[in-house]
Each structure stands twice: as C-alpha cells, then as structure tokens.
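This report refers to the structure that appears directly beneath it.
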Amino acid sequence: MLFTKADFGPDFHWGVSTAAYQIEGAHEADGKGPSIWDTFSLKKRKIANNHNGNISCDFYNRYVDDIALMAQLHIPNYRFSIAWSRVFPQGKGEINQKGIDFYNRLINRCLELGIQPWITLYHWDLPEALEKKGGWTNREMVGWFSDYVACCIRHFGDRAKHWMVMNEPMVFTGAGYFLGVHAPGKKGIANFLSAAHHAALCQAEGGRIIRSTRGDCKVGTTFSYSHIEPYRDTEKDIIAAYKIDALLNRMFIEPLLGMGYPLKEVKILQRIENYYKQGDSALLAFDMDFAGMQNYTRELVSHAPFLPFIKAKIMKASKRNVEYSQMDWEIYPPSIYHALMRWGEYKDLKEIIVTENGAAFTDTCENGIVSDSRRVQYLQDYIAQVLLAKNKGVRVNGYFVWTLLDNFEWAEGFHPRFGLIHVNFDTQQRIVKDSGKWYSQLLRKENKFTTVESASEYPSTQPSDVFPGPRSSGGGRI
Ligand code: IFM
C-alpha cells in the first residue's frame, strides 16, 4: 500500500508546531515580563548543561525569514503559541502593546504567504508575577487566564481562525507541580491536584470565551497521549498500566467531555475534590470543535509496590532492547494508530487533529546537508498509521510535525533535536534537513510513499488491546 497527501482528503490540515519559549528568545525585548521558564532555567542544575531559552532560535527577530522558509517548504498551517508575559508583562492588568504588535506582525506574515496561523494560548510559560501569587495552585488563575484569553481572541481572532487553549496540561502540571522537574519546580500531591483542577477549569473556560467572542473560529485544546501497555502479561502489571493510562491519558480530556476525572481508577485523584467549588463539575465540560493529540511513543508499565500513590512505573525504552530516540522514547509507529482508535471511541469528540508528532535524533551536518534518514522513516511510518486509523473511520483531520526548528527542549536543553530545520545555535544558520525536504515533497506533490497494511505488522511483545474503550466496563479490572 502506498500513500499520498490526497489519500487524506482535501480538507486535511497539514502543518508544523512550535512554542514561544522554545524558539522566540528575546526574553526581555519590548517590555516582555519574565515567565516561569525565564526564571527556572536560570537556576543551577535545573536544565541539562544549564541551557536557557534567552536567545534560543531568535525567532522573535527572525520570524520573517523563518516563515518564508516555511512557505518555501509548502507548509500550509503553522501552530505557534503566544507568550502570555509579552502580552501582559505582569500576567494581568496593563497590556503591552509591543507584545500585541509582534503577534500581529507574525500572523500577518503567515497570511501574506498563504499560511494559516493556529494559536496555542498556553504552552507552559506562565508569567512569573502570577507564579508569585501561587500560579496554577491559586484558583484566581481562572480569572487571570480568562482575561488573557479574552484579550488574545479580541486582538487576533479576526485573522487567526484556529485556537488551542492549552498545550498538554498533564505535562505542565505533572512535571511542573508534582515532580518539580519543569518550571516552576514545585512538588507534591497538593500542588499537583490544585494546579490540575484549575488548569482543567481554565481549558473549558478558555473554550467558552473563544466561542462566545468569535463564533467563526474553531476552538480546541491539546493533550499528550502515549499508548500504554503492561510490561508483562500479569494481573499486577495490567492494573498498573490501567492506572497510568487513566492518569496520563484520561485525566484532562474526560472532564472536558463531561465524563469527570477518572477518580475510581486512580484513588489518589479523589483528593482533587478538596479544590472543588459548587458547580465545578459542570464548568469542567466544554464541547470543543476539535481535540489535539500529541503522540510520540508507547509506554510499558510495570507494578512498582514501593512507588507512592500509584504503585506503577514506566519502563525506560533504553532498557528494553527497542529502538528509541534522543528522548529515550521508543519508536513505535502503531502507538499513534492505537491512540487514535481509542479517541475514536469518544463519541462526543467531533474532530481530532494530531497537533504534535516527531522525533529527536543526533543529526549530523556535513557540507551543509543534514541526512536525517531515521526522522524521515519515523514520520513516514507514523503518518501511515494515521491514515490507517482514518481509513477505519476515526475522525482525524490534521497532522502537525513537532517541530519546525531545532529548539530548546525544556529540561533537556538544546541537546535533543526535533526540527525539520537544523539550527546552528552559534550562528543562527538554518539548514533544511532531509526530513524537511521529504515533508515538503509530501505536501507538494502526489508522490507515493510506502506504508504498512496494518498496525499488527509491528511485532509487539505485549498484548496491545488490553484496555477496553474509554470509561467502559474495564474499570472493574482494578
Ligand atoms: O517540545 C515538546 C513540546 O513543547 C510539547 N510536546 C512534546 C514536545 C517534545 O518533548
């Protein structure tokens, strides 16, 4: 079986994704206030090699050329995020007109070159001034966030027609407020649960504000999703995998769909009700136009009796004799197929867009050429699996590569390179990698690309369909 762009249909949205803190640099330019990532990355030993995003890809000053490069590659849709502290340096109150001007110029540049802007409102860079007031653990976040969303949709909604309220709430609350490995570096179950509940309220409220302000815009939000399997086919590992799946994959999407948090499956989550106010259950739900899926890998989970709260642990890919990327994420194309099939079972999900997928490899640049054949293979294989799911009737209608440019990969610094375009961080030179050329060809021509017949062509040592559908009778297994 071969695939072309045409197999996905004329309305399928192809694109690339980035995030403000990861590429913009210019951390103090034109009145921008500090974000939690500006301050966190300056602390010692928080980021690999003590890297920070102060300059990064200098996209703030180079966006004109970078968008031109995107247009040369025939990429029709560009997902980027707005840095909240460029717009509101103190998180709230007075607007910074120069911040608004920058995103106006960026949106206009995209449109001039025929590229549709897709805007993420929150991709983890909370204004530091709000963190000083407790950040996501403070319920006042709902009001601050609402004002920020209202400001952005008012200023940019006339031209930007696709909006995503948040990027991966599970990751920024889990890594930032439970494990302390991302900004703001807070730890513990109370910080996590309060942050998570307020983020879940904000994701729905953001949707309501966008819809009521501009009914002509499509509104969605994005979630991380890794296909999860038990490490061994034992009752204990199956239960452990089921809990991790509920926590990592279901905790934010199900309340949005009106299903509530998966409290029965992960008992510790029941403490989230300590942060409820009357009426919250209804406020958590909102009927988004689309949900963004961000899938990279699958995780194998084993029972871990000594780990607190959930008694389950993820087995590293590098210890499992499988192929893996610079992030230590297994390369396993059927993960995206299983993920999409699973979301396909959520009857109330109108449309799915794969808002991120991609891989970090150690690229080498020789004579101005980056031959990243592993990334080409990765993209080809994952996209083929998206088509398999689509052909089975899943309402998936878009695919965005993570990412356009090599950039600042959070706690890992600049070491992992995910880009379709290589960046020399000393000179800021850009070189389109072979994967960028490959993606461009897919988008431009009716080329045929080899694909696979079914997800089962990939050998799996584990039963891959151990989980019943979302919120079906499987809860009884625990
Ligand atoms: O770089 C991140 C991005 O910010 C959010 N999703 C996963 C990517 C790769 O780790």
Side-chain angles (χ1 to χ4, degrees), residues 15-25 35-38 40-41 46-48 51-53 56-57 59 78-84 118-126 164-176 179 181-183 199 203 220-227 248-249 252-253 291-299 314 316-317 324-332 335-336 339 353-363 372 375 378-379 382 398-421 423 425 435:
V16 289
S17 291
T18 63
Y21 186 74
Q22 293 181 271
I23 62 166
E24 284 181 1
S35 79
I36 54 174
W37 275 95
D38 289 315
F40 185 74
S41 62
K46 296 293 181 196
I47 312 292
H51 287 164
N52 62 61
S56 192
C57 307
F59 181 80
Y78 176 37
R79 170 177 174 244
F80 60 88
S81 74
I82 293 179
W84 185 341
W118 291 55
I119 296 183
T120 311
L121 284 158
Y122 186 73
H123 201 126
W124 307 354
D125 44 356
L126 184 71
M164 284 140 290
V165 179
M166 275 186 188
N167 186 74
E168 300 178 357
M170 186 61 220
V171 178
F172 78 78
T173 55
L179 298 172
V181 296
H182 276 192
Q203 77 181 356
T221 192
T222 78
F223 305 95
S224 45
Y225 189 110
S226 295
H227 172 58
L248 298 190
N249 290 332
F252 285 90
I253 191 169
M293 171 179 284
Q294 317 210 144
N295 173 270
Y296 292 85
T297 189
R298 80 167 160 176
E299 304 287 9
I314 289 174
K316 286 186 174 196
Y324 57 94
S325 71
Q326 276 183 311
M327 300 294 283
D328 200 348
W329 293 347
E330 182 185 1
I331 294 164
Y332 187 68
S335 68
I336 201 162
I353 305 286
V354 176
T355 37
E356 286 183 21
N357 172 244
F361 294 115
T362 332
D363 300 322
D372 57 337
R375 186 174 291 101
Y378 177 103
L379 295 175
Y382 274 71
Y399 176 91
F400 286 62
V401 176
W402 182 267
T403 179
L404 179 70
L405 303 163
D406 291 339
N407 62 43
F408 178 82
E409 177 53 34
W410 309 113
E412 316 300 325
F414 290 101
H415 178 60
R417 288 181 176 267
F418 275 92
L420 295 176
I421 297 174
V423 176
F425 293 104
S435 57

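Atom set for the values below is all heavy atoms of this structure, side chains included, hydrogens, waters and symmetry mates excluded. Remember, predicted model here, so these are calculated numbers, not experimental data. Position 1 is the first residue of the sequence; numbering continues from there. We count ligands from 1, going down the list as the structure has it; atoms in each ligand are counted the same way.
For the pairing with T355, the side chain to side chain donor-acceptor pair (under 3.5 Å) check across Q294, R79, E168 returns one residue only, Q294. Remark: of the listed residues Y21, W37, F223, Y122, Y122 is the sole one forming a ring pair (Phe, Tyr, Trp, His ring centres under 6.0 Å) with F172.
A heavy-atom separation below 4.0 Å is found between H123 and ligand 1.
Every N/O-N/O distance between N167 and ligand 1 stays at or above 3.5 Å. Considering backbone and side-chain N/O of E356, one or more are found under 3.5 Å from N/O of ligand 1.
Distance from atom 10 (O) of ligand 1 to its nearest protein heavy atom, with residue and atom name: E409 OE2, 2.6 Å.
For N407, no heavy-atom contact with ligand 1 is shorter than 4.0 Å. Contact annotation for F172 and ligand 1: no heavy atom of the residue comes within less than 4.0 Å of the ligand.
With a 4.5 Å cut-off on side-chain heavy atoms, R375 and D363 count as touching.
Atom OH of Y324 sits in a sparse spot, with 12 or fewer heavy atoms from other residues, nucleotides or ligands closer than 6.0 Å.
Formation of a donor-acceptor pair under 3.5 Å by the H51 side chain with backbone atoms of F414 is found in this model.
Residue E168 has at least one heavy-atom neighbour below 4.0 Å for each of these atoms of ligand 1: 5 (C), 6 (N), 7 (C).
Distance check: I253 CD1 to T222 OG1 gives 10.5 Å after rounding to the nearest 0.5 Å.
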